[in-house]
Amino acid sequence: MGAYADAYRTSLTDPSAFWGAAARELEWFRPPATVLDDGAPPFYRWFPDGVLNTCFNAVDRHVRDGRGEQAAIEYDSPVTDTRCTLTYRELREQTARFAGVLRHLGVNKGDRVVIYMPMVPEAVVAMLACARLGAVHSVVFGGFAPRELAARIDHARPTVLVTASCGIEAKRIVEYQPIVEQALALADHRPRSVVLLQRPQAPATLRAGRDLDWHDALGEAEEVDCVPVAATDPLYILYTSGTTARPKGVVRDNGGHAVALRWSMRHVYDTHPGETMWTASDIGWVVGHSYIVYAPLLTGCTSVLYEGKPVGTPDAGAFWRVAAEHRVKTMFTAPTAFRAIRRDDPTGAHLDRYDLGALRYLFLAGERLDPETYSWARDRLGIPVIDHWWQTETGWPIAANPMGLEPHAARPGSATVPMPGYDVQVVDEAGQPTTEGQIVIKLPLPPGTLPTLWQDDERYVGSYLSAHPGYYLTGDGGYVDDDGYLFVMGRTDDVINVAGHRLSTGAIEQVLAAHPAVAECAVIGVADELKGQLPRAFVVLKAGTEVDPGTLDAELKALVRERIGGIAALKRVDVVAGLPKTRSGKILRKTMRGIAAGTDEPVPSTIEDPSVLDALRPILARG
Ligand code: COA
Ligand code: AMP
């Protein structure tokens with residue numbers, strides 16, 4: 001049996017042996033005697049009696065073991081024309097001191113800290129400082145509007161908010177302070193303090209009594225040591241879009257997370273201590289949490305932190321420059337980034353300007369990797385391009401090509417094979433095995449995946465575990481071919497993926513419904529060449545309302561931008577006479593999606609009035 005098949009089988013037949021061995025890669029204050037607590041299904045806990053500290057394993061341990069002068073973070077920011085290195089020694093010192101700042105502000109084990117920051121090293125320091133204290137961070141993506149930030153503040157109820165004066169986009173400076181002030185005005189919960197990193201591009205005015213300047217606070221702070229926490233204690237909450245407007249607070253524990261990420265670095269990414277990994281994503285997303293921050297640092301790698309875009313900062317050669325200058329071995333980004341590069345530089349002419357001799361792998365995830373983008377990247381780079389599939393909920397790949405365990409021949413369009421611990425199955429709506437259908441994972445999920453949603457076990461069970469008892473519902477559909485390769489074809493629910501950013505159509509609908517002219521609406525994701533998908537809206541006006549369609553279109557687009565953020569860019573808005581519904585009043589979004597995608601979508605027998613759908617067909621087909 002091959003190494004992969006062997007590992008996969010053992011992980012399912014004897015999970016305690018498999019993950020118990022993986023856990024020995026970490027340093028524990030108290031090693032776990034029990035690997036899996038399966039006494040209260042559908043809830044499972046990994047390493048229930050283990051005690052460790054994630055920051056110790058990611059930072060202090062490497063300094064102690066002689067990596068102090070190795071670069072931990074290489075910050076590369078074309079938008080500010082800055083490059084700097086943070087060694088493991090410097091990262092330890094700054095993290096220990098920032099933990100001192102947080103503790104001084106009343107943050108203790110279990111308390112929450114919201115981090116709303118751009119891609120700067122201080123953001124990583126803030127995350128690790130929380131981990132050091134056993135506090136729970138919740139990083140909010142900088143592209144979210146005040147209302148989204150407020151919702152996360154109210155849900156996580158942080159003691160402290162850490163932010164910066166601005167973020168820098170390719171074409172503009174995004175001042176964070178007005179966003180933070182608006183969010184705090186909207187939120188019911190008040191953090192006791194705000195720590196703000198001043199950036200020269202747009203300094204902010206501090207509010208006396210509440211705000212502290214990052215550098216002033218750090219200058220006065222005392223170093224704090226790592227606090228032992230239970231493996232099952234939460235490390236972070238990361239909000240993600242579900243099918244409703246209310247984001248889900250995915251919880252990540254300390255022990256299972258560290259064990260799974262460390263395992264994945266060796267076996268999936270084939271990336272080892274002292275090597276350089278660059279994940280071109282954002283720390284506001286799970287990809288950034290796992291493969292910019294925690295996994296490379298837990299492994300003793302150098303992680304590149306890139307504050308820039310694939311194109312426009314300054315050109316479509318930016319990724320090759322960064323990969324060449326930092327001698328990156330393993331690169332990871334979203335397919336959208338490659339589609340943007342390909343659009344601007346179809347022949348890959350920029351590649352000739354750089355020496356990519358160190359680059360061994362390109363990993364892509366976050367959305368479906370279309371075979372054209374896959375082939376373009378593989379042909380231009382001449383290295384393995386690895387499509388792998390995962391979610392905020394899982395924290396690390398569900399399916400991948402395990403390059404460090406046993407590389408498989410790639411198949412375009414497939415994320416290759418399930419990773420150890422993930423018993424992936426394809427079922428129909430009744431839960432029966434089928435060739436193409438819903439992708440589910442038999443419980444227990446492996447270490448590193450969500451144990452629950454923040455303070456909401458009920459929603460966790462309702463959202464993921466109740467459709468097919470004993471299985472986790474991924475929300476994705478697809479099939480497994482005869483050789484066991486998994487093909488993930490897209491979401492089966494109302495979650496969409498815009499430029500690798502996960503959004504809820506329900507959240508967009510809620511915003512549109514707030515417009516005084518709108519009686520009801522439906523939003524679906526439609527295909528887009530660059531961003532994979534874009535939201536498209538269909539609105540029914542209130543009776544007697546007269547509005548100019550152009551004005552309404554502009555107002556609704558502006559409203560979505562203001563309430564959710566620029567990342568939720570609406571493609572178009574159509575005013576329609578009615579929306580197709582079932583007799584119980586449920587809008588037939590799936591049918592609408594299918595017609596818009598040009599597939600032969602069966603019309604459900606429960607449809608209330610087929611003529612409404614007939615009237616909509618030509619509009620949907622217009623693209
Ligand atoms: N802070 C503030 N605003 C942000 C932001 C952030 N962190 N990220 C994006 N935005 C804004 C953008 O400035 C843009 O605003 P604009 O409409 O005023 O220009 C808007 O949100 C839409 O951004 P985006 O969806 O990124 O589209 P784009 O056209 O600016 O760029 C790409 C297209 C493909 C270059 C870009 O989406 C990209 O780099 N994608 C990579 C995806 C990725 O890393 N995903 C992470 C998951 S792995
Ligand atoms: P997020 O939680 O933001 O990481 O988004 C997770 C979703 O992105 C998944 O449920 C999929 O729909 C999609 N996704 C991520 N990676 C892939 C992939 N390799 N192939 C297809 N879809 C993917």
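Remember, it's 1-based here, ligands and their atoms both numbered in the order they're listed. Values in this document were obtained by computation on a predicted structure and should not be read as measured data.
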- Taking only heavy atoms of Trp285, which atoms of ligand 1 are found under 4.0 Å from at least one of them? 46 (C)
- Message: Is it true that Gln391 and Asp476 share a donor-acceptor pair across their side chains at a distance under 3.5 Å?
- Response: yes
- Message: Can you check which of Gly167, Pro310, Ala145 brings a heavy atom nearest to atom 35 (C) of ligand 1?
- Response: Pro310
- Note on the structure: In ligand 1, the atoms that come under 4.0 Å of a heavy atom of Phe141 are 5 (C), 6 (C), 7 (N), 8 (N)
- Task: Check whether any side-chain heavy atom of Ser414 sits under 4.5 Å from a side-chain heavy atom of Tyr374, and report yes or no.
- Result: no
- Pair Lys309 + Asp315, salt bridge at N-O below 4.0 Å: no
- Has ligand 1 got any nitrogen or oxygen that is less than 3.5 angstrom from a nitrogen or oxygen of Ser281? no
- Does a salt bridge link Lys557 with Glu562, judged by any charged N lying under 4.0 Å from a carboxylate O? no
- Item | Atoms in ligand 1 flagged as close to Val287, the criterion being non-hydrogen separation under 4.0 Å | 48 (S)
- Could you check which of Arg172, Met119, Lys171, Met117 puts a non-hydrogen atom nearest to atom 14 (C) of ligand 1? Arg172
- Message: I need the atoms of ligand 1 closer than 4.0 Å to a non-hydrogen atom of Lys531, numbered in the order shown.
- Response: 24 (P), 25 (O), 27 (O), 28 (P), 29 (O)
- Taking 4.0 angstrom as the limit, do Lys590 and Glu429 come out as a salt bridge? no
- Message: So if I count the atoms of ligand 1 from 1 in the order they appear, which ones are less than 4.0 Å from some heavy atom of Gly500?
- Response: 47 (C)
- Task: Could you grab the distance from atom OG1 of Thr163 to atom CD of Glu122, nearest 0.5 Å is fine?
- Result: 12.0 Å
- Message: Starting from atom 22 (C) of ligand 1, what is the nearest protein heavy atom, named by residue and atom, and what distance separates them?
- Response: Gly566 O, 3.5 Å
- Item | Residue contacts for ligand 2, heavy atom to ligand atom, distance under 4.0 Å | Val286, Gly366, Glu367, Arg368, Asp387, His388, Trp389, Trp390, Gln391, Thr392, Asp476, Val488, Arg491, Asn497, Arg502
- Note on the structure: For Gly143, the atoms of ligand 1 under 4.0 Å from one of its heavy atoms are 1 (N), 2 (C), 3 (N), 4 (C), 5 (C), 6 (C), 7 (N)
- Are Arg502 and Glu393 within salt-bridge range, i.e. N to O under 4.0 Å? yes
- Query: For Cys166, does its backbone N or O pair with a side-chain atom of Arg199 as donor and acceptor, under 3.5 Å?
  - Reply: yes
- Task: Name the option, out of Ile173, Thr336, Val286, Ile168, that contains the heavy atom nearest to atom 40 (N) of ligand 1.
- Result: Thr336
- Message: Polar contacts were defined as any N/O atom of the residue lying under 3.5 Å from an N/O atom of the ligand; does this apply to Glu169 and ligand 1?
- Response: yes
- Can you find an N or O of Tyr176 that's nearer than 3.5 Å to an N or O of ligand 1? no
- Message: Using a strict threshold of under 4.0 Å (side-chain N to carboxylate O), is an ion pair present between Arg321 and Asp76?
- Response: yes
- Query: How about atom 31 (O) of ligand 1: does it have a protein heavy atom within less than 4.0 Å?
  - Reply: no
- Task: Do me a favour and list the nearest non-hydrogen protein atom to atom 26 (O) of ligand 1 with residue, atom name and distance?
- Result: His501 NE2, 3.8 Å
- Query: Considering only heavy atoms of Ala280, which atoms of ligand 1 have at least one such atom less than 4.0 Å away?
  - Reply: 44 (O)
